[in-house]
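Structure first, then comments.
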Amino acid sequence: MRINLAQITASRDPNENLDLVRSSVRDAADAGARLCVLPEATMRRFGGSIADVAEPLDGPWATAVREIADDAGITVAAGMFTPAVGGDERVRNTLLITGGGVEASYDKIHLFDAFGFAESDTVAPGTEPVVVDIDGVGVGFATCYDIRFPGLFQTLADRGALLTVVAASWGRGPGKVDQWTLLARARALDSTTFLAACGQADPAESGIEISGSAPVGVGNSMVVSPTGHVLDQLGAAPGLLTLDIDPNEIDAVRQNLPVLANRKF
């Protein structure tokens, strides 16, 4: 299975970001990828209000992404914001997963209330892990802060994930890139799945100055093997990473390292 990670720097304009989606998906399809992953908050980067851009999954932004994916004939995962339900005035931090015969979404479960940022002030948590079938491969989905919670990744593996996708807009700070890499490798080992972690690029690499505590990205998107080996990794700047993975390798890994079968809790 060929996958593509599109490490972008999203702007504050959802329409501009659709252009980034369009060019990224086109490049992924041209490279023969069957799955193109874009970061969390592809619709609009963090910093300032996100409530004014939130729209349902049949709204114009999601519909445009759906058309882009359908035109390319591949599956696309991209971060957006959708309205919460039940009178909650907050939004959901949603991954739209569409194209290539797939139509699904994942609402971020673990909200980033850490390092001086309170995502739960404006975002309502999701409740349901999501695994979809893409070309016969079970693919699980997670978003950013989820990566600090190994139980979610093991649940995704229990539900059939052989590849886990993490879309992120990682917060900057001392040691944060090291944490991102360590956590990606650990979650691949915890779940014995391939792990594709796609983050927003560091805006500074594009000459964009950002102030405040909003998590706007550090780059370093990567693909990790089920044994925790980093197969390929980008730097901080915008870029594309295309890689072939073989899910058939996982049976042998799980025979040698049966952490899922050996769990007690």
Check: Only one of S221, P39, S206 clears side chain to side chain contact (heavy atoms under 4.5 Å, CB included) with I8; which?
Finding: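 Exactly one option meets the side chain to side chain contact (heavy atoms under 4.5 Å, CB included) with I8, and it is P39.
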
Quick one: does [X]'s side chain have a donor or acceptor within less than 3.5 Å of a partner on [Y]'s backbone?
{"X": "N220", "Y": "T181", "result": "no"}
{"X": "R44", "Y": "P14", "result": "no"}
{"X": "Q7", "Y": "L241", "result": "no"}
{"X": "S23", "Y": "L20", "result": "yes"}
{"X": "R34", "Y": "G73", "result": "yes"}
{"X": "N17", "Y": "T42", "result": "yes"}

Please round to the nearest 0.5 Å and tell me the distance separating atom [atom1] of [X] and atom [atom2] of [Y].
{"X": "T82", "Y": "L57", "atom1": "OG1", "atom2": "CG", "answer": "5.5 Å"}
{"X": "E119", "Y": "R90", "atom1": "CD", "atom2": "CZ", "answer": "10.0 Å"}
{"X": "S49", "Y": "R12", "atom1": "OG", "atom2": "CZ", "answer": "7.0 Å"}
{"X": "C198", "Y": "L240", "atom1": "SG", "atom2": "CG", "answer": "9.0 Å"}
{"X": "T143", "Y": "E40", "atom1": "OG1", "atom2": "CD", "answer": "6.0 Å"}
{"X": "L38", "Y": "M80", "atom1": "CG", "atom2": "CE", "answer": "13.0 Å"}

Notebook entry, point to check: For Y145 and N93, what are the C-alpha separation, side-chain angles and deciding distance, and is it a side chain to side chain donor-acceptor pair (under 3.5 Å)?
Noted result: CA-CA 11 Å; Y145 194 51; N93 186 337; over 6 Å; no

[X] vs [Y] side-chain heavy atoms within contact, under 4.5 Å:
{"X": "I50", "Y": "T122", "value": "yes"}
{"X": "R45", "Y": "S169", "value": "no"}
{"X": "E103", "Y": "L96", "value": "yes"}
{"X": "V223", "Y": "D232", "value": "no"}
{"X": "L260", "Y": "R254", "value": "yes"}
{"X": "Q179", "Y": "V218", "value": "no"}
{"X": "W61", "Y": "V53", "value": "no"}
{"X": "V130", "Y": "S105", "value": "no"}

If every non-hydrogen atom of [X] is compared with every non-hydrogen atom of [Y], which pair is closest and at what distance?
{"X": "A161", "Y": "T193", "result": "O-CG2, 3.3 Å"}
{"X": "A237", "Y": "A201", "result": "C-CB, 3.8 Å"}
{"X": "D146", "Y": "I109", "result": "OD1-N, 3.8 Å"}
{"X": "D107", "Y": "T94", "result": "OD1-OG1, 2.6 Å"}
{"X": "I74", "Y": "A28", "result": "CD1-CB, 4.1 Å"}
{"X": "H110", "Y": "K108", "result": "O-CE, 3.1 Å"}

Next item on the list: Dump the intermediate steps for side chain to side chain donor-acceptor pair (under 3.5 Å) on T63 and D58, then the final yes or no.
Entry: CA-CA 6 Å; T63 297; D58 60 356; over 6 Å; no

Notebook entry, point to check: side-chain contact (heavy atoms from CB on, under 4.5 Å) between V259 and T192: does it pass, once the steps are laid out?
Noted result: CA-CA 8 Å; V259 292; T192 49; 4.1 Å; yes

Note to self: Under a 3.5 Å threshold, yes or no: a donor from one side chain and an acceptor from the other, between S191 and Q154?
What the structure shows: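 No, no side-chain donor-acceptor pair sits under 3.5 Å.
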
Margin query: Go through it in stages, so that I can follow the logic: the residues are I3 and F194, the test is side-chain contact (heavy atoms from CB on, under 4.5 Å), and I'd like the CA-CA distance, side-chain angles, deciding distance and then a yes or no.
Written below: CA-CA 11 Å; I3 59 176; F194 286 94; over 6 Å; no

Are [Y] and [X] co-members of a hydrophobic cluster defined by side-chain heavy atoms under 4.5 Å apart?
{"X": "F141", "Y": "L111", "value": "no"}
{"X": "L163", "Y": "L189", "value": "no"}
{"X": "V137", "Y": "L243", "value": "yes"}
{"X": "I245", "Y": "V253", "value": "no"}
{"X": "L5", "Y": "V230", "value": "yes"}

Margin query: Applying side-chain contact (heavy atoms from CB on, under 4.5 Å) to L156 and R187, what does each step give before you reach the verdict?
Written below: CA-CA 11 Å; L156 294 171; R187 296 299 82 85; over 6 Å; no

Note to self: Run the side-chain contact (heavy atoms from CB on, under 4.5 Å) test on T75 and V139 for me, step by step, so that the C-alpha distance in whole Å, both residues' side-chain angles and the decisive distance to 0.1 Å come before the verdict.
What the structure shows: CA-CA 11 Å; T75 304; V139 183; over 6 Å; no

Next item on the list: May I ask you to decide whether R2 forms a salt bridge with D135, counting only side-chain N to carboxylate O separations under 4.0 Å?
Entry: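 A salt bridge is absent here (no side-chain N lies under 4.0 Å from a carboxylate O).
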
Next item on the list: Applying salt bridge (Lys or Arg N to Asp or Glu O under 4.0 Å), run through E128 and R92 and close with a yes or a no.
Entry: CA-CA 13 Å; E128 186 62 29; R92 300 271 193 177; over 6 Å; no

Next item on the list: From the options W180, F115, F112, select the one residue that forms a ring pair (Phe, Tyr, Trp, His ring centres under 6.0 Å) with W170.
Entry: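 The single option meeting the ring pair (Phe, Tyr, Trp, His ring centres under 6.0 Å) with W170 is W180.
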
Check: Do the rings of F46 and F81 sit parallel, tilted or perpendicular, given the 30° and 60° boundaries?
Finding: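 Plane angle over 60°, so perpendicular.
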
